[in-house]
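Structure first, then comments.
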Protein chains: 2
Amino acid sequence: MEAGRQRQGRLWSNLKEVCDLLHIPSACTIQSEELLFQHVQFKTGQRIHTIGQPFDTLYIVNSGFLKTVLIDEFGNEQVLSFPMKGDMLGVDGIHSRQYASEAVALSDCDLILLPFKKLTALGRVHLELENMMYGVMSRELVREQAMIGMLGALSAEARVARFLVSLADRFAQMGYSSKLFNLRMTRHEIGSYLGLTLETVSRTLSAFNEIGLITVDQRTIGIKDPDALKTLRRLPPSRSRSKSGAGRKAAAVEAAEPAAPSTGPSVQLMAAV
Amino acid sequence: MEAGRQRQGRLWSNLKEVCDLLHIPSACTIQSEELLFQHVQFKTGQRIHTIGQPFDTLYIVNSGFLKTVLIDEFGNEQVLSFPMKGDMLGVDGIHSRQYASEAVALSDCDLILLPFKKLTALGRVHLELENMMYGVMSRELVREQAMIGMLGALSAEARVARFLVSLADRFAQMGYSSKLFNLRMTRHEIGSYLGLTLETVSRTLSAFNEIGLITVDQRTIGIKDPDALKTLRRLPPSRSRSKSGAGRKAAAVEAAEPAAPSTGPSVQLMAAV
DNA sequence: CGATAGGTTGAATTTTTTCAATTCCAGTGG
DNA sequence: CCACTGGAATTGAAAAAATTCAACCTATCG
């Protein structure tokens, strides 16, 4: 792995390693060993930052799995994301100088610390660093937009299906199997993330299993028909499904029709600058 | 208004005006008249940018109302936000160099153009500009997080209530009345934004009207009981409501209980850097 | 080996959507 | 000026989706 070097008995990474981790194509021309970023380890269950805590550092996930949550007026958690390798944490703290969410390790984690002050100062010298920051923040914004679209428009089944697909994609990106993996989070956390109850999540997974889209065994998920999952809109009524063992190929899944013609992209109006 | 000066027959704003518009507390020490940003006007219905269009400029709303939308595989719109004075548009285009959403004017608008390249170059000279950028992007992220939390956790009624409250707050910020205002969007657009059908939105507004929380007349909304709206969780069953005219004060709205004790903020683990 | 958190499943209930029928209003053309 | 028209909004009733409540598994961890 591109983990980084030891120094003073700790792990450190240079800018290139950080950029690689973030998948930011940086033509990193820098005398790298100068600026190093320290790693920190967190154990399962530990909190990286809490809501309201003074903000001063961003984090990049080098390994491990986390969740970020909002806490409502009753103390209920609302899961916002499941950061993993290559994701950045803490960006929501920049604006108000306080973290707006809470981040918790779902497994043992190795995070890279990016002191924000130092980072912006460096950004003015090293252009790629600055671009990296803007790029990552924008990417995060796009991700959240997609999430809003999903919560606003999709059925429970479609949400769970897309959740599985996106997890599979992330695992593939990280070099793990996208066909067989372990969920690091509970049904409750998945439900919170997807705006559903844990029971609905559980039932939906069982239904997918029944029609052979996936296999489920507790937290172990096998993806059998990724294409069907990607385009799934809703499941046929359960009486049309047989109760026999899984393993057959998905027979009837109502998927997306070919994109409607819609009104064309219409004339673009672009003001000159 | 802090609209800006004429030059070459067009409106332009300086950095201080831009910062003020964004509510970024900038100790703007700059010889302001040097760097000016051009305005552009859009008429109701015009598109500011489309999905996939090459990104090169950000926009700040100086006046008017807009919506940003995602388009799904069927050509259906999913409303993401209703930008208005002081909001920034186009940030989602930075990452992939293409706008990820579409922005449409819901009224005649006046926008300030911020060519992104120019902006980042200036940011390296003028610190407050750079801070402004990070601050605005982070704020947008927080806003979207709140949206996800709302879509994930709240009932239809609570969503509509909070939508009205947040609109009222925005209007107040802009110096308009927060007690009586006009919706610039259709029920359909509100529904899309809140993850509801237009009928549910309409029914909910009617219900709020019936119990005296608001008055509704087409797009004209009067806020009668902002506090009840802010904390509303769900409405009592309709048979417990009388069908008589509005105007009475809200009698029974199930609101939030005092925050649960929850498990305390627990020991904070903070790594040194 | 029990305690316990996590997970599954069923049945009843509630919430929200869907479908359908009107109504309201702004704009248009006779 | 006024009747028409079409998009927007309201309202009702039926249907569907998701939640709630409850019971019951099943791993895991002291």
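The structure displayed is predicted, hence computed values, not measured ones. Quick note on labels: first sequence line is chain A, next is B, and so on, each numbered from 1.
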Ring pair (Phe, Tyr, Trp, His ring centres under 6.0 Å) partners of A/Phe171, counting only residues at least two apart
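In terms of ring pair (Phe, Tyr, Trp, His ring centres under 6.0 Å), with neighbours along the sequence ignored, A/Phe171 is linked to A/Phe65, A/Phe181.
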Not counting sequence neighbours, which residues clear side-chain contact (heavy atoms from CB on, under 4.5 Å) with [X]? List them please.
X        : answer
A/Asn76  : A/Asp72, A/Phe74
A/Glu189 : A/Lys67, A/Val79, A/Phe82, A/Leu106, A/Met185, A/Thr186
B/Ala156 : B/Leu196, B/Thr200
B/Ala103 : B/Ile48, B/His49, B/Thr68, B/Leu89

Using whole Å, report how far [atom1] of [X] lies from [atom2] of [N].
X        : N      : atom1 : atom2 : value
A/Leu194 : D/dT19 : CG    : P     : 10 Å
A/Met185 : C/dG7  : CE    : C1'   : 16 Å
B/Leu151 : D/dA18 : CG    : C1'   : 16 Å
A/Arg219 : C/dT8  : CZ    : P     : 10 Å
B/Glu189 : D/dG7  : CD    : P     : 15 Å
A/Glu210 : C/dT9  : CD    : P     : 8 Å
B/Leu205 : D/dT11 : CG    : P     : 10 Å
B/Asn209 : D/dT10 : CG    : P     : 10 Å

Report for the helix from C/dC1-D/dG30 to C/dG30-D/dC1: angle between first-end and last-end helix axes, five pairs each, rounded to 10 degrees.
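Here the local axes at opposite ends form an angle of 30°.
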B/Leu164 and its side chain to side chain contact (heavy atoms under 4.5 Å, CB included) partner, picked from B/Ile223, B/Ile190, B/Leu213
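Only match with B/Leu164 under side chain to side chain contact (heavy atoms under 4.5 Å, CB included): B/Ile223.
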I need the full list of salt bridge (charged side-chain N to carboxylate O under 4.0 Å, His left out) pairs touching residues 162-172 of chain B, with sequence neighbours left out, sorted by first then second residue.
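Output for this query lists A/Glu73-B/Arg162, B/Asp87-B/Arg170.
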Using a 4.0 Å heavy-atom cut-off to protein, can you give one letter per nucleotide of nucleotides 14-23 of chain C, 5' to 3': B if the base is in contact, S if only the sugar-phosphate is, - if neither?
-SSBBB----
What string of B, S and - do you get for nucleotides 23-30 of chain D, 5' to 3', when a contact is any protein heavy atom under 4.0 Å?
--------
Going by the side-chain hydrogen bond (donor to acceptor under 3.5 Å, both in side chains) test, which pairs reach into residues 172-184 of chain A, not counting sequence neighbours?
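Listed once each, the pairs would be none.
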Suppose we screen for side chain to side chain donor-acceptor pair (under 3.5 Å). Which residues come up paired with A/Thr44, at least two apart in sequence or across chains?
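With sequence neighbours excluded, A/Thr44 shows a side chain to side chain donor-acceptor pair (under 3.5 Å) to A/Asp108, given in chain and number order.
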Only pairs at least two apart or in different chains count here, so list each ring pair (Phe, Tyr, Trp, His ring centres under 6.0 Å) that has a residue in residues 146-165 of chain B.
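Matches after skipping sequence neighbours: B/Phe163-B/Tyr193.
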Any side-chain donor paired with an acceptor under 3.5 Å for A/Ser63 and A/Asp110?
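Short answer, no.
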